[in-house]
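Comments concern the structure below.
These numbers come from a predicted model, not from an experiment. Reminder, nothing fancy here: chain letters follow the sequence lines and each chain counts from 1.
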2 protein chains.
Amino acid sequence: MARSATTSDVFNAIAEAQRRQIIDLLSHGERSVNDVAAALGIRQPQASKHLRVLKEVDLVSVRGSGQQRLYRLNGEGLKPIHDWTMTFEHFWEESFDRLDEYLKQIQSKEKKND
Amino acid sequence: MARSATTSDVFNAIAEAQRRQIIDLLSHGERSVNDVAAALGIRQPQASKHLRVLKEVDLVSVRGSGQQRLYRLNGEGLKPIHDWTMTFEHFWEESFDRLDEYLKQIQSKEKKND
DNA sequence: CTATTATATTCCTATATAAGAATATGTCAA
DNA sequence: TTGACATATTCTTATATAGGAATATAATAG
């Protein structure tokens with residue numbers, strides 16, 4: 001069996017570095033295909049192909065504007081990945097418990113001050 | 001050009017669903033290769049191969065224990081993914097700004113009270 | 001040493017890219 | 001319609017799996 005399709009889920013779609021670059025770019029606002037290609041220094045057909053993959057996993061949406069097609073990031077599509085990694089936050093966030101403690105403390109102080 | 005190697009970075013390594021399952025399993029503690037294979041319902045060689053990929057990107061470590069090889073999760077290796085997705089948190093966390101505001105407020109109050 | 005158990009590696013095959021090149025399709029202006 | 005620009009698709013090729021099967025290597029018990 002070969003590797004899963006890049007369009008099989010978000011995890012596979014973002015495995016490609018250039019697609020992550022596109023996502024980063026689109027986080028600043030919608031962009032045309034040529035803008036994407038220029039920003040990444042790749043050719044237009046490759047940009048179209050990457051955008052197609054991102055569209056198939058619903059990480060971007062498109063709208064026509066004249067001859068152009070403006071792609072917009074659907075950041076919410078990245079939530080599953082964020083959620084999954086959150087499970088392992090305690091591996092590097094050693095102050096997690098202490099911050100939680102701190103928040104509870106100052107919140108109780110707030111109550112007294114109100 | 002083909003797809004990047006699964007061992008090229010953490011993003012490619014975790015694209016495979018079974019490798020994510022292994023990571024989930026190892027988050028409960030170290031496991032032998034056969035334990036991993038049994039837990040996922042796959043054969044031992046496939047488990048070994050997946051673990052090799054995870055090891056090459058430093059997501060797991062190994063130690064020998066008799067005839068067994070116990071694999072342990074290095075959760076910190078997932079931080080790059082977590083950090084990247086964090087950039088897009090505001091797409092689904094609409095109360096993010098307000099929480100930030102709140103934290104600043106109570107912290108300034110703390111200073112006054114001390 | 002030998003048998004047993006545990007793990008890793010090799011070989012094979014079907015499949016899925018990603019990039020380049022060429023081309024098709026779409027949209028608008030005159 | 002024709003020309004110009006923007007985008008999408010098709011075709012080809014080199015490469016990288018992931019799984020099964022078979023085998024090699026490692027470690028321990030007796």
Side-chain angles (χ1 to χ4, degrees), chain A residues 1-23 25-26 29-73, chain B residues 1-23 25-26 29-73:
Chain A
M1 204 181 287
R3 235 195 288 193
S4 304
T6 55
T7 55
S8 58
D9 58 43
V10 181
F11 285 92
N12 279 280
I14 66 153
E16 185 64 31
Q18 296 197 325
R19 280 195 287 269
R20 291 200 301 281
Q21 285 184 46
I22 292 178
I23 290 173
L25 177 65
L26 294 187
E30 56 184 11
R31 294 281 189 282
S32 72
V33 178
N34 269 332
D35 281 354
V36 170
L40 300 215
I42 62 179
R43 298 177 191 286
Q44 174 269 315
Q46 326 308 332
S48 269
K49 288 174 198 170
H50 283 315
L51 287 164
R52 189 185 208 277
V53 172
L54 295 176
K55 177 124 192 6
E56 285 200 40
V57 296
D58 206 43
L59 274 175
V60 300
S61 57
V62 213
R63 72 182 179 93
S65 173
Q67 334 182 29
Q68 304 191 345
R69 306 253 296 160
L70 300 180
Y71 282 83
R72 173 190 295 272
L73 177 62
Chain B
M1 206 182 286
R3 234 196 288 194
S4 304
T6 55
T7 54
S8 58
D9 58 43
V10 181
F11 286 91
N12 278 280
I14 66 152
E16 185 65 30
Q18 295 197 325
R19 281 195 288 268
R20 290 200 301 280
Q21 285 183 47
I22 292 179
I23 290 172
L25 176 64
L26 295 187
E30 56 185 11
R31 294 281 189 281
S32 72
V33 177
N34 268 332
D35 282 354
V36 170
L40 300 214
I42 62 180
R43 298 177 190 286
Q44 174 269 316
Q46 326 307 332
S48 269
K49 288 174 197 169
H50 282 316
L51 287 165
R52 189 185 208 277
V53 172
L54 294 176
K55 177 125 193 3
E56 285 201 40
V57 296
D58 205 45
L59 273 174
V60 301
S61 58
V62 214
R63 71 181 179 94
S65 174
Q67 335 182 31
Q68 302 192 343
R69 307 252 297 160
L70 300 180
Y71 282 82
R72 172 190 295 273
L73 177 62

message: Does C/dG26 have its OP1 or OP2 closer than 4.0 Å to a side-chain nitrogen or oxygen of A/R69?
response: no
Q | Side-chain heavy atoms of B/I42 within contact of B/H50, under 4.5 Å | A | yes
Atom NZ of B/K55 and atom C1' of C/dT7 are separated, to the nearest Å, by 15 Å
> Are side-chain heavy atoms of B/R31 and B/L25 found at a separation under 4.5 Å?
Replying inline: yes
Interatomic distance, CG@B/L51 vs CD1@B/I23, rounded to 0.5 Å, equals 10.0 Å
From CG of A/L51 across to P of D/dA6 the rounded distance in Å is 16 Å
Rounded to whole Å, the CG-P distance (A/L54 to C/dA18) equals 11 Å
So CD of A/Q44 and OG of A/S32: to nearest 0.5 Å the spacing works out to 10.0 Å
CZ of B/R52 to CZ of B/R19, rounded to nearest 0.5 Å, is 12.0 Å
Q. Are the side chain of A/S65 and the backbone of A/Q68 linked by a donor-acceptor contact shorter than 3.5 Å?
A. no
Rounding to 0.5 Å, atoms CD (B/Q18) and CD (B/Q46) come to a distance of 8.5 Å
| field | Side-chain N or O of B/Y71 closer than 4.0 Å to phosphate OP1/OP2 of C/dA8 | value | yes
The side chain to side chain contact (heavy atoms under 4.5 Å, CB included) partner of A/L54 among A/V10, A/L26, A/L59, A/T7 is A/L59
Expected string for nucleotides 11-18 of chain D under the B/S/- scheme (protein heavy atoms, under 4.0 Å, primed atoms plus P, OP1, OP2 as sugar-phosphate) is ----BSBB
Within residues 31-45 of chain A, the residues having a heavy atom closer than 4.0 Å to DNA chain D are A/S32, A/V33, A/N34, A/Q44, A/P45
Flag the pair A/E16 / A/I22 as yes when at least one side-chain heavy-atom distance between them is below 4.5 Å, and no otherwise.
-> no
Between the protein and nucleotides 1-4 of chain C, which nitrogen or oxygen pairs come in under 3.5 angstrom?
none

Between B/R52 and A/S65, whichever has its closest DNA chain C nucleotide further toward 5' is B/R52
Output for pair (B/D9 CG, B/D58 CG), nearest 0.5 Å, gives 13.0 Å
Taken to the nearest whole Å, CD/B/Q68 to P/D/dA29 is 12 Å
- Query: Under 3.5 Å, side chain of A/R20 to main-chain N/O of A/A15, donor-acceptor pair present?
  - Reply: yes
